[in-house]
Colleague: 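I have a structure here, written as structure tokens, and I will follow up with some questions on it.
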Amino acid sequence: MPDNEHLNNRKENGKETVQSTFAGSTAPSHFIRVIIDEDLRVNKNDGRVHTRFPPEPNGYLHIGHAKSICLNFGLASDYGGLCNLRFDDTNPCKEEVEFVESIKEDVRWLGFDWEDREFYASDYFEKLYEYAVQLIKDGKAYVCSLNADEIREYRGTLTEPGKNSPYRNRSAEENLDLFERMREGEFPDGSHVLRANIDMASPNLNMRDPVIYRILHAEHHRTGNTWCIYPMYDFTHCLSDSIEGITHSICTLEFEDHRPLYDWFLDELDVFHPQQIEFARLNLSYTIMSKRKLMELVEEGHVNGWNDPRMPTLGGIRRSGYTPESIRNFCDRIGVAKSNSIVDIALLEYYIREDLNKYSPRVMGVLRPLRVVIENYPEDKVEYFDALNNPEDPGAGMRKVPFSRVLYIEQEDFLEEPPRKFYRLAPGREVRLRYACFIKCVGVVKDETTGEVVELRCTYDPETRGGAAPDGRKVKSTLHWVSAAHSIPAEVRLYDRLFTVENPAGEEDDFKTFLNPESLETLTSCRIEPSLAGAKSGDRYQFERLGYFCVDPDTSKGKPVFNRTVTLRDPWAKIKKREKL
RNA sequence: UGCCCCGUGGUCUAAUGGCAAGACGGCUGACUCUGGAUCAGUUUAUCGAGGUUCGAAUCCUUGCGGGGCAGCCA
């Protein structure tokens, strides 16, 4: 049994916390570090660095969130500060406990620890209410009784100023009374809102008397039915940051226009003032990151759930076999900036290969078996050859691989009429079987009706046992193989990119028209070497010459299922494609 | 048409007034019992026009291009 312990005990399940974000610490600096360095230099915030990762528990996390998680937790760790996990749960209609659990699992899996700092915006509802009351008393907020449509009309447009609400001049007493009765549940949803009193002519739409509280008679996942008014994001977020003593409140670019409002609340209330800093969210080529679109894929059955290995969700990525280490390295390398960009998915693949190459046990498995009979090998004989578990890791040891008269090799490793640059097996040609011996193809058996090659007749050279020829002759290629009688059947799921175009969300047509019809190929007659008999869900292996594979949870006793995480770099595949073979 | 942000090789990110750097990708080659890994080499960039300056990717003006904003979502 190959030693898979390195991999599976490494840095998962929160057992080990990340100290420095990038092994070798070659992660590039970026503008947020420049800001923090300057803050530290002038001793702003008494030299503290305190960040937070603030997901809304209304869906699953994806690789884009991983960028934010690595940024926030990484910065805290690098500067000797802290990072809170805070659930932004101000909309009871969309949020569920299930999501908070999965978010916690994902953050932990990535290797980060928020210790006892698990917070919820809903923890602050009472305090937030008091802040709202203070704004009303200061004449900075009022209860508006326009309906949603009217508020929209009064807001004006991008190019035209809005006009004041007729309720804008209510007295503080009346506002206080109304707001209190909103809280008491006297009014139906939508009948009143609390609004900030700012400027209906502001060129920034967010400043045109934004709503800060709405009536929602809905049960909240944490506060139950305690409240029937809920604060809006802009009001909640800055004050939650302030309450927690956050120094650097890092969010994505679309909140840039909200920053004046973020600052406004904190200034008007005269409370501790964190700094909001915006960065560009991650986009990856050949996939999508929008929660709504991902939901569409799930609900319409284009993928098999949120953790389908094709999904960019952390659940999907994890199931496909990615390691948290590789995701962290990736996030450190892509940098942090303010320009919208699409990172090549090849970079992500590079980091998972880099990681898995170091740690994953090598093993042989044949995906599309082609029967090979070694004519000069005795019927009943079995030999066991020594195979390296991991050439990159001398400590990984060896294992025995059984060899017998009937074997399977990969169908694509034989061509009756080999083109130029095809080094593998062909009639009359000799190749090496990995760790075993040289074989030469002396005959081809075909299906009489279809003409399909169904069996190869070969001879082996007993002198080459162990893989080396005493006479020093070379072969052009080495093939992986399994012994027919000893191998065990397996299902292997081959995953490919989800979309056929780099930026499906940026196309004119609906993104779903670009779904890759070949994003999943399920192979059910694979044969794998017997050492894999005890493989457990989550175990990762390199199938030699094919790629990295991870045992899927669908695995049942005697029926292993593997997901292909990523292929090996494959020059032959490139040649085939280039020369259209 | 208002406001805000962003334009550096194919991609992502550095250089913050002083030799445009790195990673990925691509292409060569070496090595190899994985066409893997490794190693070496190579290819390609400051959106345009003015200005400030001894000197501009960097500062200013302007044009062009891209993105965001009119939820009682976050």
Side-chain angles (χ1 to χ4, degrees), chain A residues 26-31 34 54-56 58 88-91 93-95 144 146-148 151-153 155-162 189-190 192-195 202-208 210-216 230 232-234 236-237 251-260 278 280 282 285 291 333-351 353-354 357-358 362 364 387-388 391-392 421-424 432-436 438 464 466-468 474-480 502 542-547 567-575:
Chain A
T26 51
S29 183
H30 51 72
F31 78 101
V34 171
E56 182 189 11
N58 72 341
D88 225 327
D89 56 350
T90 56
N91 186 348
C93 310
K94 289 165 52 179
E95 294 147 7
C144 178
L146 255 23
N147 65 37
I151 287 184
R152 192 177 316 116
E153 280 168 35
R155 186 154 36 225
T157 68
L158 292 176
T159 52
E160 298 160 313
D189 289 3
H192 306 281
V193 291
L194 185 71
R195 290 230 252 170
S202 171
N204 181 345
L205 267 51
N206 296 119
M207 300 300 273
R208 320 241 261 227
V211 171
I212 60 184
Y213 264 93
R214 75 284 214 194
I215 301 172
L216 246 29
Y230 292 92
M232 299 287 290
Y233 166 85
D234 287 305
T236 308
H237 204 90
C251 62
T252 46
L253 251 28
E254 68 269 29
F255 293 103
E256 228 155 9
D257 288 340
H258 294 243
R259 184 167 7 107
E278 311 86 12
L282 170 68
S285 59
K291 241 179 228 181
R333 180 53 57 188
I334 55 177
V336 179
K338 298 192 71 158
S339 63
N340 293 300
S341 59
I342 302 176
V343 176
D344 192 342
I345 197 157
L347 188 60
L348 216 210
E349 294 175 345
Y350 168 82
Y351 281 106
R353 286 192 187 108
E354 177 194 63
N357 175 52
K358 284 185 298 210
R362 315 290 133 124
M364 289 195 284
L388 248 26
E392 300 292 317
K421 292 182 183 168
F422 181 86
Y423 302 152
R424 281 109 100 141
R432 173 172 31 237
L433 294 181
R434 179 80 158 153
Y435 297 124
F438 289 8
T464 60
K474 303 275 186 198
V475 287
K476 282 288 259 183
S477 104
T478 301
L479 308 186
H480 61 277
E502 278 192 30
Q542 183 197 102
F543 285 11
E544 293 220 23
R545 305 208 305 134
L546 296 174
T567 61
L568 255 26
R569 281 188 63 229
D570 187 354
W572 171 241
K574 240 173 250 170
I575 293 167

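So that the names make sense, note that chain A is the first sequence line, chain B the second, and so on, each numbered from 1.
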Colleague: Of the candidate nucleotides A74(B), C4(B), C12(B), which contains the atom at the shortest distance from the side chain of His258(A)?
Modeller: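 Shortest atom-to-atom distance from the side chain points to A74(B).
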Colleague: Who passes side-chain contact (heavy atoms from CB on, under 4.5 Å) against Leu282(A), sequence neighbours left out?
Modeller: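 In terms of side-chain contact (heavy atoms from CB on, under 4.5 Å), with neighbours along the sequence ignored, Leu282(A) is linked to Ile63(A), Lys67(A), Met289(A), Phe330(A), Ile334(A), Val343(A).
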Colleague: Mind calculating the distance between CD (Glu349(A)) and C1' (G36(B)) to the nearest angstrom?
Modeller: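 Atom CD in Glu349(A) sits about 15 Å away from atom C1' in G36(B).
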Colleague: Counting distance alone, no hydrogens or angles: does the base of G68(B) have a donor or acceptor under 3.5 Å from a partner atom on the side chain of Glu278(A)?
Modeller: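 Check fails, no donor-acceptor contact within cut-off.
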Colleague: Under the ring pair (Phe, Tyr, Trp, His ring centres under 6.0 Å) rule, collect the residues that match up with His480(A), sequence neighbours excluded.
Modeller: none
Colleague: Verify the contact: side-chain N or O of Arg155(A) to OP1 or OP2 of G71(B), cut-off strictly under 4.0 Å; return yes or no.
Modeller: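 The answer is yes; a side-chain N or O of Arg155(A) sits under 4.0 Å from OP1 or OP2.
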Colleague: Do the side chain of Arg424(A) and the base of G35(B) come within less than 3.5 angstrom through a donor-acceptor pair of N or O atoms?
Modeller: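 Yes, the side chain and the base share a sub-3.5 Å donor-acceptor pair.
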Colleague: Out of C69(B), G71(B), U34(B), which has the shortest distance to the side chain of Leu158(A)?
Modeller: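 Closest nucleotide among those given: C69(B).
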Colleague: If a stem is a run of at least 3 consecutive Watson-Crick or G-U pairs, both distances under 3.5 Å, which stems include RNA chain B?
Modeller: B:2-7 with B:64-69, B:10-13 with B:21-24, B:26-30 with B:38-42, B:47-51 with B:59-63
Colleague: Is it the case that the base of U34(B) and the side chain of Gln542(A) share a donor-acceptor contact (distance under 3.5 Å, atom types as modelled)?
Modeller: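 Side chain to base: pair present.
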Colleague: Excluding sequence neighbours, so at least two apart, what forms salt bridge (Lys or Arg N to Asp or Glu O under 4.0 Å) with Arg152(A)?
Modeller: Asp149(A)
Colleague: Does the protein touch nucleotides 13-28 of chain B at the base, only the backbone, or not at all? Give it as B, S and - per nucleotide, heavy atoms under 4.0 Å.
Modeller: SS--------SS-SS-
Colleague: Among G2(B), G68(B), G36(B), which nucleotide sits nearest the side chain of Glu254(A)?
Modeller: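 When the side chain of Glu254(A) is considered, G68(B) is the closest of G2(B), G68(B), G36(B).
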Colleague: Could you state the CG-P distance from Asp257(A) to G67(B), rounded to the nearest angstrom?
Modeller: 16 Å
Colleague: Residues two or more places apart in sequence or in another chain: which of them pass side-chain contact (heavy atoms from CB on, under 4.5 Å) with Lys94(A)?
Modeller: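 Result, side-chain contact (heavy atoms from CB on, under 4.5 Å) vs Lys94(A): Glu56(A), Asn58(A), Asn91(A).
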